[in-house]
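To keep things clear, I will list the structure first and then write my remarks on it.
Below, chain A is the first sequence line, B the second, and so on; all start at residue 1. All values below were derived from every heavy atom in this structure, side-chain atoms included, with hydrogens, water molecules and symmetry-related copies excluded.
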Protein chains: 2
Amino acid sequence: MAIEHAILVSLLERPGSGYELARRFERSIGYFWTATHQQIYRVLKRMENDGWVEALVVPQHGRPDKKQYSVADLGRAALTSWLHDPIEPETVRHDLAVKIRGAAFDDPSALIREVERHRQAHADRLAHYLAGEERDFGRRTDSGPYGPDDAERELQHAVLRGGIAYERMMIAWLDDVLATLHRFRDDHFRDDRFRADAPSADPSSADRAAR
Amino acid sequence: MAIEHAILVSLLERPGSGYELARRFERSIGYFWTATHQQIYRVLKRMENDGWVEALVVPQHGRPDKKQYSVADLGRAALTSWLHDPIEPETVRHDLAVKIRGAAFDDPSALIREVERHRQAHADRLAHYLAGEERDFGRRTDSGPYGPDDAERELQHAVLRGGIAYERMMIAWLDDVLATLHRFRDDHFRDDRFRADAPSADPSSADRAAR
DNA sequence: CCCCTCATGTAAGTGGTTACATGATTTA
DNA sequence: TAAATCATGTAACCACTTACATGAGGGG
């Protein structure tokens with residue numbers, strides 16, 4: 001529904017080839033919208049047919065030619081129209097939340113490891129975002145109202161701050177979940193229904209586990 | 001990839017018909033996983049064929065018969081196996097973030113209204129979650145280690161706390177975005193390139209907008 | 001010599017949405 | 001009598017992923 005528009009925004013920020021777009025979708029714009037190169041090439045072709053973008057074949061020495069795409073008037077109009085069209089606040093899909101509720105019907109130990117892995121991934125992403133923020137938006141030199149060229153930067157920064165806030169929220173929440181899972185495992189989980197793969201716990205916890 | 005598992009968890013929490021599942025996917029489990037009734041019926045049929053769930057036709061007076069689904073052993077095993085399988089931390093899709101970066105190439109006024117709408121929707125959802133929390137998890141009566149039947153509740157509560165944290169984060173971030181957009185509009189956006197649909201602003205702001 | 005990067009694509013399959021369809025009962 | 005709720009489905013389509021395919025050049 002909107003990968004076209006993400007591509008339009010990215011091409012307005014800077015024209016580029018399908019390959020370059022695919023790389024951007026691994027970082028930057030890809031932090032809040034994913035796309036594989038296969039999908040990008042397909043959509044780009046459709047957008048070219050519809051006159052939304054124009055391709056300029058750029059011969060390169062020692063490398064395959066690339067098609068440099070830029071936004072055409074029709075594409076710009078399509079973007080404007082989309083920007084003015086209200087969209088519904090999207091509903092998230094959280095596999096992990098399903099797993100957490102599912103943990104009530106399973107040994108929580110495996111899920112604790114899984115949640116720890118996710119917590120680590122979010123901490124890594126946060127560090128990555130913060131490094132990018134320092135690099136791209138650190139120590140602003142100006143003061144007073146910013147000029148016309150700063151708007152793009154400012155808005156990119158606002159989006160990045162959203163990513164940072166999201167990762168911080170996730171880390172705090174996963175810590176909360178881990179505490180809940182630990183209580184579940186220590187205080188409640190004690191029968192052997194699910195113990196097929198778990199090595200036997202130490203005797204003290206087995207004692208505590210008396211029904 | 002996982003709607004089957006969301007259905008399994010929901011049916012383990014309480015058996016029900018496809019219709020009832022569809023209603024649950026509008027609330028509760030639907031807060032972090034959406035599904036329409038069409039999809040649910042289709043998946044449910046496949047799950048029945050695979051022996052993951054069992055259907056019991058319940059005749060009702062004055063209403064159409066319903067198929068009461070419950071989880072079979074094979075389904076339970078499939079869920080356990082999925083719970084033990086690591087999943088990648090999912091990448092979010094945020095249309096709104098694309099729009100915000102796109103706002104650099106358009107009149108920000110329309111986007112301000114859009115962001116305000118989204119802020120309102122998230123505030124509403126937060127209020128809804130908080131009411132549900134009070135209703136379902138308010139004033140816990142027990143103290144000390146909770147019993148075996150509380151695990152399901154505790155984990156549901158942990159997931160709900162995640163929803164609450166998410167909405168709070170979004171509201172704070174959208175306030176941040178609104179501040180950025182207002183600065184953009186007031187300090188920077190002043191030429192008439194995009195003014196096709198915007199009624200002329202008041203003279204004082206037009207004065208400030210002198211290049 | 002093998003792998004990585006650059007560069008572009010096709011084909012097949014899965015997952016999910018939207019539109020259409022039916023029909024009885026309860027509530028306003 | 002019109003609309004909403006309960007209840008189940010089919011069909012067509014669109015979005016997206018995964019696997020496969022090619023080929024040149026550079027670095028270890």
Side-chain angles (χ1 to χ4, degrees), chain A residues 1-8 11 15-27 29-30 32-50 53 55-69 82 87-88 90-95 98, chain B residues 1-8 11 15-27 29-30 32-50 52-53 55-69 82 87-95 98:
Chain A
M1 182 78 146
I3 199 195
E4 288 89 345
H5 305 106
I7 288 176
L8 287 173
L11 287 179
S17 67
Y19 186 83
E20 281 163 351
L21 279 171
R23 306 227 52 211
R24 286 182 214 172
F25 274 90
E26 285 166 9
R27 24 174 237 92
I29 204 151
F32 47 84
W33 199 279
T34 51
T36 58
H37 78 272
Q38 292 90 336
Q39 197 190 351
I40 288 167
Y41 284 122
R42 189 154 27 84
V43 172
L44 227 30
K45 184 166 283 179
R46 187 171 66 219
M47 290 169 78
E48 198 184 353
N49 287 337
D50 293 349
V53 294
L56 178 72
V57 176
V58 178
Q60 300 186 117
H61 52 286
R63 286 180 189 176
D65 294 356
K66 68 174 177 182
K67 291 190 200 159
Q68 183 90 9
Y69 286 97
W82 177 69
I87 50 174
E88 285 312 298
E90 54 258 21
T91 320
V92 276
R93 293 253 162 114
H94 273 298
D95 298 68
V98 178
Chain B
M1 183 76 147
I3 201 197
E4 287 89 343
H5 304 107
I7 289 176
L8 287 173
L11 287 180
S17 67
Y19 186 84
E20 281 162 351
L21 279 170
R23 306 227 52 212
R24 288 183 213 173
F25 275 90
E26 285 166 8
R27 21 172 241 95
I29 202 148
F32 46 87
W33 201 278
T34 49
T36 57
H37 78 272
Q38 292 92 336
Q39 197 189 353
I40 288 167
Y41 284 122
R42 187 153 31 85
V43 172
L44 227 30
K45 185 166 282 181
R46 186 170 69 220
M47 290 169 79
E48 197 184 356
N49 287 337
D50 294 348
W52 287 23
V53 294
L56 179 73
V57 176
V58 179
Q60 300 185 118
H61 52 286
R63 286 182 190 176
D65 294 356
K66 68 173 177 181
K67 291 189 201 161
Q68 182 92 7
Y69 286 97
W82 178 70
I87 50 174
E88 285 313 299
E90 53 258 21
T91 319
V92 275
R93 294 253 163 115
H94 272 299
D95 297 66
V98 178

Tell me the interatomic distance from [X], atom [atom1], to [N], atom [atom2], rounded to whole angstroms.
X	N	atom1	atom2	result
B:Lys66	D:dT5	NZ	C1'	13 Å
A:Glu26	D:dT17	CD	P	13 Å
A:Ile3	D:dC14	CD1	P	16 Å
B:Asp95	D:dA15	CG	C1'	13 Å
B:His37	D:dA4	NE2	P	17 Å
A:Gln68	C:dA7	CD	C1'	13 Å
A:Arg93	C:dG16	CZ	P	5 Å
B:Ile7	C:dG15	CD1	P	12 Å

Step-by-step side chain to side chain contact (heavy atoms under 4.5 Å, CB included) determination, A:Ile40 to A:Tyr19
CA-CA 8 Å; A:Ile40 288 167; A:Tyr19 186 83; over 6 Å; no

From the options [options], select the nucleotide whose nearest atom is closest to the side chain of [X].
X	options	result
B:Arg23	D:dC6, D:dC16, D:dT8	D:dC6
B:Trp33	C:dT8, D:dT8, C:dG16	C:dG16
B:Thr34	D:dG9, C:dT17, C:dG16	C:dT17

With a 4.5 Å heavy-atom cut-off, do A:Leu8 and A:Val53 have their side chains touching?
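Side chain of A:Leu8 against side chain of A:Val53, heavy atoms only: contact under 4.5 Å found.
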
Close residues, residues 38-48 of chain B, relative to DNA chain D [heavy-atom separation under 4.0 Å]:
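Per residue number, the list reads B:Gln38, B:Tyr41, B:Lys45.
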
Looking at B:Thr34, is its backbone amide N or carbonyl O close enough to the side chain of A:Arg93 to form a donor-acceptor pair, meaning the two atoms are under 3.5 Å apart?
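Yes: the side chain of A:Arg93 pairs with the backbone of B:Thr34.
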
A:Gly18 vs B:Thr36, nearer the 5' end of DNA chain C by closest nucleotide:
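Upstream on the strand: A:Gly18.
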
Can you check side chain to side chain contact (heavy atoms under 4.5 Å, CB included) on B:Leu11 and B:Leu21, steps first, answer last?
CA-CA 8 Å; B:Leu11 287 180; B:Leu21 279 170; 4.0 Å; yes

Mind listing the closest non-hydrogen atom pair of B:Ala35 and B:Ile3 along with its distance?
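B:Ala35 and B:Ile3 have their closest heavy atoms at CB-CD1, 3.5 Å.
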
Restricting to non-hydrogen atoms, name the atom on A:His94 and the atom on B:Glu90 that form the minimum distance, rounded to 0.1 Å.
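Shortest heavy-atom separation between A:His94 and B:Glu90 comes out as ND1-OE2, 2.9 Å.
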
Could you list the protein-to-nucleotides 22-27 of chain C atom pairs, N/O on both sides, closer than 3.5 Å?
from   : atom 1 : to      : atom 2 : distance (Å)
C:dT25 : O4'    : B:Gly62 : O      : 3.3

Side-chain N,O (B:Ser17) to OP1/OP2 (D:dT8) below 4.0 Å:
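For D:dT8, OP1 or OP2 has a side-chain N or O of B:Ser17 closer than 4.0 Å.
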
Taking only side-chain N and O atoms of A:Tyr19, does any of them lie within less than 4.0 angstrom of OP1 or OP2 on C:dC6?
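Answer yes for this pair, as a side-chain N or O of A:Tyr19 is under 4.0 Å from OP1 or OP2.
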
Results of side chain to side chain contact (heavy atoms under 4.5 Å, CB included) for A:Lys66 - residues two or more places apart only:
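Partners of A:Lys66 under the side chain to side chain contact (heavy atoms under 4.5 Å, CB included) test: A:Ser17, A:Glu20, A:Val58, A:Gln60, A:Gln68.
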
Specify the angle, to 10°, made by the local axes at the two ends of the helix from C:dC1-D:dG28 to C:dA28-D:dT1 when five pairs are taken at each end.
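Helix axis angle between the two ends: 40°.
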
Run the ring pair (Phe, Tyr, Trp, His ring centres under 6.0 Å) test against B:His37 and tell me which residues pass, sequence neighbours left out.
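Applying ring pair (Phe, Tyr, Trp, His ring centres under 6.0 Å) to B:His37 gives B:Tyr41.
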
Could you walk me through whether B:Lys45 and B:Asn49 satisfy the side chain to side chain contact (heavy atoms under 4.5 Å, CB included) test, starting with their C-alpha distance in whole Å, then the side-chain angles of each, then the deciding distance to 0.1 Å, before giving a yes or no?
CA-CA 6 Å; B:Lys45 185 166 282 181; B:Asn49 287 337; 4.3 Å; yes

Under the rule for side-chain hydrogen bond (donor to acceptor under 3.5 Å, both in side chains), what residues qualify as partners of B:Arg23, not counting sequence neighbours?
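Testing B:Arg23 for side-chain hydrogen bond (donor to acceptor under 3.5 Å, both in side chains), a comparison that skips the adjacent residues, returns none.
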
Before giving the answer on side chain to side chain contact (heavy atoms under 4.5 Å, CB included), spell out for B:Asp95 and A:Trp33 the whole-Å C-alpha distance, their side-chain angles and the decisive distance to 0.1 Å.
CA-CA 8 Å; B:Asp95 297 66; A:Trp33 199 279; 3.6 Å; yes

Just say parallel, tilted or perpendicular for the rings of B:Trp52 and B:His5, cut-offs at 30° and 60°.
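Rings of B:Trp52 and B:His5: tilted, as their planes differ by 30° to 60°.
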
